[in-house]
Amino acid sequence: MTLAEHPIETPPRAPSPVHRFGTLAVHAGSPHDPVTGAVIEPISLSTTFAQTSVGKPVGQYEYSRSSNPNRDNFERAIAALEHARFALAFSSGSATTANILQSLAAGSHVISVSDVYGGTHRYFTKVALTHDVKVTFSPSIEIDIAQLITPETKLIWIESPSNPTLTLVDIRKVATIAHQHGILVVVDNTFLSPYVQNPLDHGADIVVHSVTKYINGHSDVVMGAAAFNSQDVYDRLSFLQNALGAVPSAFDCWLAHRGLKTLHLRAREATKNATGVANALKNSPNIIAVNYPGLPSHPQYAVTQKQHRDGMGGGMLSFRIRGGHEAAERFCQATKIYTLAESLGGIESLVEVPSAMTHGGIPREQREAAGVFDDLVRVSCGIEDEADLVADVLQALEKAVVGPKITNALASNGNGSV
Ligand SMILES: Cc1ncc(COP(=O)(O)O)c(C=O)c1O
């Protein structure tokens, strides 16, 4: 759905792009029902739409795979929040990735950051290759990019922060070089959400989301989205969206849109909680290192301040626990508020061990080169109370790290990224 086709003047007293995030989150793509005046849009379940004569539909819709009122409204809201002209919604974050990669011609080359989400890595190495699209991974893309570009390079794939090591990339730096070679830059913004970071403002060409995470925010929808400004990208991706049929249901669009309306409130709480937990972890002798972009000790804290709203760190963090993989597993079983589960970005706090769960499919050598060691624990802070979350983490650490009591005097900060 294009913002230009349907500017945000629905409803009549509508917000415009000059409005702030919370106002847009609540109102963009949220017209009052023109028939009943319903303030909340109805769910449009019909798969097909009547035509008055052949090829003349009553309204703008023909068939729900091609477009649907709930999907259009959701896409309009995403476009507004990501400062984009266009947005498209997909059946999952993975389907979004697949659509973008499918849009490349055979023989294309992609450069990606090394520590991408495990499913993205799987698609790049096991699926894209079968269409003759090759991906080169770089652990330090800002430094390596100029050397890695070939005449076939068509796309650069960034996750910032990355999953699960929370490494940041200076998007502007990479985009400047990419654009000199006519290469598009994609940023997976799942970990921060459009409230904390708007990659298009920093030079990215396409921003993608697993809507399953912060945007929906309630762990009850699997969905994805891409937002961008180029008409050409819109034409290519919307054609594929329809041709491949990886579209979300009307009900899921409605639910995700409802979730989106409180994104700013949830993202602020999650950041507050993650900041509290990161500070508590940083001072614990049971920890080797904490990765959290909101800590001044984060190696790319300058990027946090440049790229994130108000220097916010977001709701995600990871840490290396003393005692190896066993301690990491024990920790995740010892928490009482945090649930041991994959996924992130919901109202409820979650923990997991990436080496054995979300990133288990990546060969150990590659995984560890990207900082995903067996003792790494990933934490998604929800919107419970900060003091309860901090207390839960500290009590679980005490239970998980067995053996001789470690004192602060003996503890070192490991790789210095505390
Ligand atoms: C950063 C990131 N991108 C993409 C995805 C894929 O999204 P989905 O699970 O909605 O397919 C995930 C899933 O965890 C993710 O964490």
Side-chain angles (χ1 to χ4, degrees), residues 74 78 82 88-102 110 112-128 135 137 155 157-169 171 186-194 196-197 199 204 206-227 241 244 246-249 252-253 255-256 259-260 267 270 291 293 314-318 339-346 348 350-362 367 370-372 376 378-381:
F74 175 73
I78 291 289
E82 277 293 12
L88 293 170
F90 296 90
S91 52
S92 66
S94 304
T96 314
T97 304
N99 258 253
I100 293 170
L101 269 284
Q102 282 269 321
V110 175
S112 169
V113 294
S114 295
D115 48 343
V116 279
Y117 164 61
T120 303
H121 188 275
R122 180 175 55 209
Y123 191 91
F124 285 174
T125 52
K126 300 211 160 75
V127 185
V135 183
F137 293 95
L155 208 69
W157 193 278
I158 292 172
E159 258 185 48
S160 185
S162 65
N163 179 3
T165 55
L166 285 299
T167 305
L168 305 184
V169 172
I171 299 168
V186 180
V187 175
D188 185 333
N189 198 23
T190 297
F191 261 39
L192 287 182
S193 88
V196 182
Q197 176 174 263
I206 303 177
V207 52
V208 299
H209 284 280
S210 169
V211 169
T212 318
K213 312 300 179 337
Y214 283 102
I215 289 180
N216 177 62
H218 294 74
S219 307
D220 49 14
V221 169
V222 173
M223 242 174 94
Q241 181 198 42
L244 297 175
V247 294
S249 73
D252 281 352
C253 290
L255 274 177
L260 178 68
N291 306 311
M316 295 299 297
L317 61 102
S318 60
T339 300
L340 170 57
E342 297 193 0
S343 203
L344 60 112
E348 67 290 309
L350 303 177
V351 281
E352 66 122 1
V353 181
S355 64
M357 296 170 71
T358 46
H359 293 65
I362 305 177
R367 210 175 4 91
V372 187
L376 190 76
R378 190 184 78 179
V379 179
S380 171
C381 288

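Ligands are counted one by one from 1 in listed order, and the atoms in each one are counted from 1 as well. Residues: numbered from 1 along the sequence shown. Keep in mind that this is a model prediction, so the values were computed, not measured.
- Remark: minimum distance from atom 15 (C) of ligand 1 to any protein heavy atom is reached at Tyr117 CG, 3.6 Å.
- Short contacts between ligand 1 and Ser94, defined as distances under 4.0 Å to a heavy atom of the residue, involve ligand atoms 6 (C), 7 (O), 8 (P), 11 (O).
- For Val222, no nitrogen or oxygen atom sits less than 3.5 Å from a nitrogen or oxygen atom of ligand 1, counting backbone and side chain alike.
- Taking the six-membered ring where the residue is Trp, Phe124 and Phe137 present tilted rings, their angle falling between 30° and 60°.
- Distance from atom 10 (O) of ligand 1 to its nearest protein heavy atom, with residue and atom name: Thr212 OG1, 2.7 Å.
- The shortest separation from a heavy atom of His209 to ligand 1 is not under 4.0 Å, leaving the residue out of contact.
- Between the side chain of Arg378 and the backbone N or O of Ser343 there is at least one donor-acceptor pair closer than 3.5 Å.
- Asn189 and Glu159 share no donor-acceptor pair across their side chains, judged by distance under 3.5 Å alone.
- Counting only distance, with no hydrogens or angles, the side chain of Thr339 and the backbone of Leu350 share no donor-acceptor pair below 3.5 Å.
- When the options Val208, Val135, Ile206 are evaluated for a side-chain contact (heavy atoms from CB on, under 4.5 Å) with Trp157, the one that passes is Val208.
- A donor-acceptor contact under 3.5 angstrom links the side chains of Ser219 and Glu348, judged on distance only.
- Each of the atoms 1 (C), 2 (C), 3 (N), 4 (C) of ligand 1 lies under 4.0 Å from some heavy atom of Asp188.
- Scanning all protein heavy atoms for the shortest distance to atom 7 (O) of ligand 1 gives Ser210 OG, 3.0 Å.
- Looking at Thr120 next to ligand 1, no N or O pair under 3.5 Å apart turns up.
- Close contacts of ligand 1 with Asn163, meaning ligand atoms under 4.0 Å from a residue heavy atom, involve 16 (O).
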**OP:** For the pair Ser318 and Asn291, evaluate side chain to side chain donor-acceptor pair (under 3.5 Å) and give the outcome as yes or no after the intermediate values.
**Re:** CA-CA 5 Å; Ser318 60; Asn291 306 311; 3.0 Å; yes
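- Taking the six-membered ring wherever Trp is involved, the centroid distance between the rings of Tyr214 and His209 does not fall below 6.0 Å.
- Near Met223, meaning under 4.0 Å from one of its heavy atoms, ligand 1 places the atoms 10 (O).
- What sits closest to atom 13 (C) of ligand 1 on the protein, heavy atoms only, is Lys213 NZ, 2.6 Å.
- Per-residue contacts place Gly93 under 4.0 angstrom from the following atoms of ligand 1 (heavy atoms of the residue considered): 7 (O), 8 (P), 10 (O), 11 (O).
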